[in-house]
Amino acid sequence: MSPRLISTTLFGWTLLAVAPLPGQGRSDRRFSIEVDSVEVVFELHGPAVVALADEVRTTAEGAFTYDLALFGSLPKEFRGGPYEQIVIAIVEGDDRHGESGPGRIDITMPPPKEPLDHLFWKAVLTHEIFHMWNAEGFRYASVEEQWLSEGFSQYYTMRALGRIGVLDEAMFLDLLARFLGLYLADPGRGSISLREAAPVKEEHVGLVEGGGLAVALCIDVDLLVASGGEHSLDDVMRLLFAHHDTADRRYEFDDVVRYVGEVRGEDRSAFFRDHVAGTATLPLAECLAPVGLELTVEENAAQISKEPAFGEAHARLLGALRGF
């Protein structure tokens, strides 16, 4: 019996899904979808993972759809060169972990028991799919730029989850506060820069991921406000993809600074010098204020709330930050 093709349309993109053959075991399942003329193969291992097959498919389709809308196409090649297939393997295990490589994503996830567990594994899958562009499609020349590959990917993961319908506004603000709190609580804040933290990322996740996400947030707000909503961080990401989409054209720190300046129409090198290459704490209150948001930190817990004067203009800007 031949597999059955299923066409799915999300946000204007059509993806072809290949229905798995009947009779496959409960502990393993394999199916594929076609994304931008490339076969994406899913290999699911473990009863708890197999039981989530439909959610895995829906989440991945939504993530690919969001990323395709942002970048226009899949990368033409990954680090190893051209490719014909992408493999996403998800294995049931004790820990939650994701890793992307050239044309391949490997994820380990424990059986979800609480609603938050479902959010976490969907976030890991969405995050690793975004790395198909930000890390594999266009890659840094130096590991010091992991603040961008990891922090910006976290930022766009939240936006993609919102578009998929997994993350509402309240959850977005809660996760944003968690990442900003992670940055503020990092023991290296004020003594080492985001770039210096990257080679020892395991010791300074707060700086690399939380700080990188905070940089993405501040740049996005600045670009949106300065352009009246005409430009955003999306334009910077597209420039990175357009100019550094092959292994011999990896981006450097100065490239990022230049692209932000081009989109902004004004030199922003001082921001990067002080807060990314330097050790100055990111001006989070200033970054959140134009959105009508306030950040408070009490007993190592960060919270973001709307100002009393939060209005329609703030709501539009918040919607833009969420990817809507």
Exercise. Supply the atom-to-atom distance Tyr83 OH to Phe78 CZ, rounded to the nearest 0.5 angstrom.
Key: 4.0 Å
Exercise. For residues Gly278 and Ser193, report the shortest heavy-atom separation together with the two atoms involved.
Key: O-CB, 3.2 Å
Quiz item: Could you go step by step and tell me if Met109 and Val49 meet the side chain to side chain contact (heavy atoms under 4.5 Å, CB included) rule?
Solution: CA-CA 8 Å; Met109 58 171 283; Val49 175; 3.9 Å; yes
Practice problem: Could you tell me the separation between the CG atom of Leu288 and the OG atom of Ser305, rounded to the nearest 0.5 Å? | Solution: 10.0 Å
Exercise. State yes or no: do Ile164 and Phe120 share one hydrophobic cluster built from I, L, V, M, F, W and Y residues joined by side-chain heavy-atom distances below 4.5 Å, directly or via other members?
Key: yes
Quiz item: Mind checking whether Val35 and Val87 sit in one hydrophobic cluster, side chains of I, L, V, M, F, W, Y counted as touching below 4.5 Å?
Solution: no
Quiz item: Under 3.5 Å, is there a donor-acceptor pair between the side chain of Arg322 and the main chain of Leu318?
Solution: no
Quiz prompt | Contact check, side chains of Thr246 and Phe138, non-hydrogen atoms, under 4.5 Å | solution = no
Quiz item: Taking all atoms of both residues into account, what is the closest heavy-atom pair of Glu92 and Gly46, and its distance?
Solution: OE1-C, 3.2 Å
Quiz item: Is the count of non-hydrogen atoms from other residues, nucleotides or ligands lying under 6.0 Å from Glu266 atom CD greater than 12?
Solution: yes
Self-check item: Test: Asp220 and Arg159 ion pair at under 4.0 Å
Solution: yes
Quiz item: Knowing that exactly one of Tyr66, Tyr156, Phe130 qualifies, which makes a ring-ring contact (aromatic ring centres under 6.0 Å, His included) with Phe71?
Solution: Phe130
Quiz item: Distance only, no hydrogens: is a donor on one side chain within 3.5 Å (strictly under) of an acceptor on the other, for His127 and Glu150?
Solution: yes
Quiz item: With a 4.5 Å heavy-atom cut-off, do Val41 and Gln85 have their side chains touching?
Solution: yes
Quiz item: Within a strict 4.5 Å, meaning less than it, do heavy atoms of the Met171 and Asp168 side chains meet?
Solution: yes
Self-check item: Any donor-acceptor N/O pair, Asp36 side chain to Ser73 backbone, under 3.5 Å
Solution: no
Practice problem: Just grab all the salt bridge (Lys or Arg N to Asp or Glu O under 4.0 Å) pairs involving residues 140-149, residues at least two apart or on different chains. | Solution: Glu144-Arg195, Glu145-Arg195
Quiz item: Could you give the distance from CG (Leu224) to CG (Leu233), rounded to the nearest 0.5 Å?
Solution: 9.0 Å
Quiz item: Closest approach of Ser232 and Val263, non-hydrogen atoms and distance?
Solution: O-CG1, 4.1 Å
Quiz prompt | Same cluster (ILVMFWY, side-chain, under 4.5 Å), Leu173 and Phe310 | solution = yes
Quiz item: Would Lys201 and Val143 count as a side chain to side chain contact (heavy atoms under 4.5 Å, CB included) if you check the C-alpha gap in whole Å, the side-chain angles of each, and the deciding distance to 0.1 Å?
Solution: CA-CA 10 Å; Lys201 182 178 67 173; Val143 70; over 6 Å; no
Exercise. Indicate yes or no: at least one non-hydrogen side-chain atom of Arg29 is less than 4.5 angstrom from one of Glu43.
Key: no
Quiz item: Could you state the interatomic distance from OG (Ser100) to CH2 (Trp133), rounded to the nearest 0.5 Å?
Solution: 11.5 Å
Practice problem: Can you measure from NZ (Lys122) to OG1 (Thr59) and round to the nearest 0.5 angstrom? | Solution: 4.5 Å
Self-check item: Same apolar cluster: Val297 and Leu282, side chain cutoff 4.5 Å
Solution: yes
Quiz item: Are Asn134 and Ser149 linked by a side-chain donor-acceptor pair shorter than 3.5 Å?
Solution: no
Quiz item: Angle class for the Phe253/Trp147 ring planes (parallel below 30°, perpendicular above 60°, tilted otherwise)?
Solution: perpendicular
Self-check item: From CA spacing to verdict: side chain to side chain contact (heavy atoms under 4.5 Å, CB included), Phe152, Leu240
Solution: CA-CA 12 Å; Phe152 282 35; Leu240 283 165; 5.9 Å; no
Quiz prompt | Side-chain heavy-atom pair Val40, Glu34 within 4.5 angstrom cut-off | solution = no
Exercise. Check whether Val124 and Val91 end up in the same hydrophobic cluster, where Ile, Leu, Val, Met, Phe, Trp and Tyr are linked by side-chain heavy atoms less than 4.5 Å apart.
Key: no
Quiz item: How about Tyr259 and Asp235: does a side-chain donor come under 3.5 Å of a side-chain acceptor?
Solution: no
Quiz item: Less than 4.5 Å apart, any side-chain heavy atom of Trp121 and any of Glu55?
Solution: yes
Quiz item: Can you check side chain to side chain contact (heavy atoms under 4.5 Å, CB included) on Leu194 and Tyr183, steps first, answer last?
Solution: CA-CA 10 Å; Leu194 304 191; Tyr183 162 67; 4.2 Å; yes
Self-check item: Asp186 (side chain) donor-acceptor with Gly206 (main chain) under 3.5 angstrom
Solution: yes
Self-check item: Pairing of Arg30 and Asp28 as salt bridge, 4.0 angstrom limit
Solution: no
Quiz item: Side chains of Thr281 and Arg189: is there a donor and an acceptor less than 3.5 Å apart?
Solution: yes
Self-check item: Side-chain heavy atoms of Leu70 within contact of Arg238, under 4.5 Å
Solution: yes
Quiz item: So do Ile105 and Met132 actually touch side chain to side chain, heavy atoms under 4.5 Å?
Solution: yes
Practice problem: Could you tell me which non-hydrogen atom of Leu167 sits nearest to which non-hydrogen atom of Met158, and how far apart they are? | Solution: CD2-O, 3.5 Å
Self-check item: Asp245 bridged to Arg249 by N-O distance under 4.0 Å
Solution: yes
Quiz item: Is any NZ, NE, NH1 or NH2 atom of the basic residue among Arg250 and Glu252 found under 4.0 Å from an Asp or Glu carboxylate oxygen of the other?
Solution: no
Quiz item: How far does CG of Asp67 sit from CE of Met237, to the nearest 0.5 angstrom?
Solution: 9.5 Å
Practice problem: Check the pair Asp254 / Arg258 against salt bridge (charged side-chain N to carboxylate O under 4.0 Å, His left out), numbers first and verdict last. | Solution: CA-CA 6 Å; Asp254 289 343; Arg258 184 174 68 256; over 6 Å; no
Exercise. State, to 0.1 Å, how close Thr157 and Ala123 come at their nearest heavy-atom pair, and which atoms those are.
Key: CG2-O, 3.5 Å
Exercise. Let me know which of Leu180, Leu182, Leu176, Leu175 forms a side chain to side chain contact (heavy atoms under 4.5 Å, CB included) with Arg178.
Key: Leu175
Practice problem: Identify the heavy atoms of Cys287 and Val221 that sit nearest to each other, and give their distance. | Solution: O-CG1, 3.4 Å
